[in-house]
Amino acid sequence: MATLKAVRGTRDLLPPETELWNRIEATARKVFARYHFGEIRTPIFEDTGLFARSVGEETDIVSKEMYTWEDRARAQSEKSQSLTLRPENTAGVVRAYIEHKLGESGLLQKLYYIGPQFRRERPQKGRYRQFWQIGAEVIGPPSAGSESPLRDAEVLEMLATLLDELHIEGWTLELNSVGSSADRARYNDVLRAALIPVAPRICADCQRRAVTNPLRVLDCKVHEDQAIIDSLPKITDSLDQESKDHFAAVTAALDAAGVAYKLNPRLVRGLDYYTRTTFEFTHGGLGAQNALLGGGRYDGLSEAIGGPKAPGIGFAMGLDRLVLTLQSTEPDQKAAAPRGVDAYIAPLGEKLNAAALVLARELRRAGLSVELGDGSFRLRKSFEAADKVARRIVILGEDELQSGILTVKDFASGVQTKVPRAKLAAMLAK
Ligand code: ATP
Ligand code: MG
């Protein structure tokens with residue numbers, strides 16, 4: 001029988017690498033708490049219609065990357081339903097905001113999530129079919145100040161702080177405004193007209209986009225198209241006064257806070273729901289997949305999926321890409337902290353296995369990390385096993401059990417000592 005493997009584009013995360021994942025997640029949770037965000041966990045799958053209506057029918061995500069299936073009805077009272085593994089989490093968060101009437105509190109809702117997302121993309125370094133995102137959303141009724149440019153600036157400042165605390169160096173914040181939906185409609189017309197004369201020279205995907213969704217041409221990755229795209233009219237020239245003022249207030253607040261950014265008029269992002277501020281944090285160490293995170297404002301999203309007016313702004317960072325970046329800049333991150341275990345307990349003979357379990361229980365309850373050997377091991381084998389994982393070995397023989405005096409060997413110093421059981425935990429903690 002052929003051996004089964006993890007599905008293409010998915011992977012197992014193993015220790016010690018998972019320690020790095022946990023550390024990143026813990027840092028994110030700590031920083032989010034300081035900015036008064038609470039955690040939200042939404043289901044991994046949702047009604048397909050949610051993504052079609054929020055992310056947008058014409059986007060790559062919805063048109064070709066979603067894992068969608070028809071879920072059969074189990075009973076007469078149920079209908080079969082088209083379901084989709086979430087390709088992103090903002091749609092689910094906004095759906096939950098509407099479903100639980102979170103806006104009725106009159107307060108801003110500040111929610112973060114950490115979890116897997118699914119897209120059927122071509123797998124490559126930094127691009128997987130199951131990948132992880134850490135994201136956050138600030139959403140609420142306009143009366144709660146959810147439209148304020150200060151919210152945009154605060155989210156961007158938080159991200160700069162988070163990346164600094166993660167020790168990710170050399171990131172760039174790229175910033176743009178895609179304006180209101182009216183601005184975008186106007187710009188789409190300008191762009192459609194400008195694309196007609198160049199259409200024969202652009203890639204097949206862009207030729208299609210030029211008709212269906214011209215804005216999408218701007219995030220084309222095909223090398224040959226770049227010079228042509230750079231010569232197209234800029235979205236910033238199609239913004240109305242309100243959008244211009246909003247953007248100016250965001251950049252002024254960032255300047256005041258000392259958060260550096262680079263204006264990128266081509267940054268329109270791959271999801272249809274964005275309005276006004278859009279941004280990405282990029283990093284040179286990632287190669288082609290250079291975006292660490294992306295986000296923006298989505299003032300019309302709640303209404304697009306049947307909810308009340310609830311402007312918001314959010315972002316999603318690629319956890320897989322954060323890990324890759326840290327591994328490339330700090331190579332020792334890749335290795336485990338060797339000898340992470342405080343003590344290895346070696347029972348001398350199978351009769352001592354139960355007593356060894358009791359001793360391990362004592363030490364673990366005292367907060368120590370303990371690896372438990374086995375009485376069937378020869379002493380030499382115990383030493384070899386212990387030396388690979390632990391800082392010290394504790395020998396538990398019949399004599400030690402009776403006298404309550406244990407033999408401890410420290411591998412770093414090579415020193416062997418006798419320690420009374422009552423003092424063992426304190427000694428091992430040193
Ligand atoms: P890209 O341009 O790299 O495809 P995107 O614009 O599709 O990114 P978003 O949908 O905004 O990305 O998702 C936010 C972040 O999630 C990205 O910046 C990236 O770090 C991460 N991400 C997106 N797709 C993948 C993937 N297939 N594998 C790993 N990480 C991903
Ligand atoms: Mg993408």
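Read the numbers this way: they start at 1 and go in the same order the structure lists the ligands and their atoms.
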Engineer: Have Glu17 and Trp21 got a donor and an acceptor in their side chains that come within less than 3.5 Å?
Structural biologist: yes
Engineer: Quick one about Asp164 and Thr161 (side-chain donor to acceptor, distance below 3.5 Å, no hydrogens or angles considered), yes or no?
Structural biologist: no
Engineer: How long is the span from the CD atom in Glu65 to the CG atom in Leu85, to the nearest 0.5 Å?
Structural biologist: 13.5 Å
Engineer: Who pairs with Tyr112 by side chain to side chain donor-acceptor pair (under 3.5 Å), at least two apart in sequence or on another chain?
Structural biologist: Arg29
Engineer: Contact residues of ligand 1 with a heavy-atom cut-off of under 4.0 Å?
Structural biologist: Arg119, Glu121, Gly126, Arg127, Tyr128, Phe131, Gln133, Lys221, Arg269, Leu271, Ala291, Leu292, Leu293, Gly294, Ala316, Gly318, Arg321
Engineer: Please name all residues satisfying salt bridge (Lys or Arg N to Asp or Glu O under 4.0 Å) with Arg151, sequence neighbours left out, ordered by chain then number.
Structural biologist: Glu154
Engineer: Under the side chain to side chain donor-acceptor pair (under 3.5 Å) rule, collect the residues that match up with Ser376, sequence neighbours excluded.
Structural biologist: Asp374
